[in-house]
Amino acid sequence: MVISYKYRIYPNKATEQKLNEALDTCRWLYDRLLQEMNEAKESGIALGKLDTQNMIPSLKLVKWEAAPLRTR
């Protein structure tokens with residue numbers, strides 16, 4: 001059984017802006033990876049989990065805001 005907790009936070013304007021920037025960057029990174037996977041699928045190349053994880057550092061170079069984000 002998985003237990004999860006939800007906490008309500010009330011950030012100030014500066015913290016809220018940083019959170020929104022981090023979410024935008026994560027959204028951009030996800031969209032780019034999805035685009036790469038779709039293009040590979042159309043061309044008949046199967047990308048695995050390791051392949052997509054290896055793309056993340058090069059995508060971080062494209063969008064420098066993504067550099068401080070921790071990715072697995």
**Study point:** Partner set under side chain to side chain donor-acceptor pair (under 3.5 Å) for Thr15, not counting sequence neighbours
**Key:** Asn12
Show the atom names and distances, to 0.1 Å, of all donor-acceptor pairs under 3.5 Å that link a side chain in residues 32-40 to residues at least two apart or in another chain.
| residue | atom | partner | partner atom | Å |
| --- | --- | --- | --- | --- |
| Gln35 | NE2 | Glu39 | OE2 | 3.2 |
| Asn38 | ND2 | Leu34 | O | 3.4 |

**Study point:** Remaining members of the apolar cluster that contains Leu19, side-chain heavy atoms under 4.5 Å
**Key:** Ile9
Exercise for review: List in chain and number order the residues that pass side chain to side chain contact (heavy atoms under 4.5 Å, CB included) with Asp31, two or more places apart in sequence or in another chain; answer none if no residue qualifies.
Suggested key: Arg27
Practice item. Quick one: which residue pairs count as a salt bridge (Lys or Arg N to Asp or Glu O under 4.0 Å) with a foot in residues 7-21, not counting sequence neighbours? Key: none
Point to revise | Set of residues satisfying salt bridge (Lys or Arg N to Asp or Glu O under 4.0 Å) with respect to Asp51, sequence neighbours excluded | key: none
Study note, to complete from the structure: Taken to the nearest 0.5 Å, the spacing of Leu59 CG from Thr25 OG1 works out to 12.5 Å
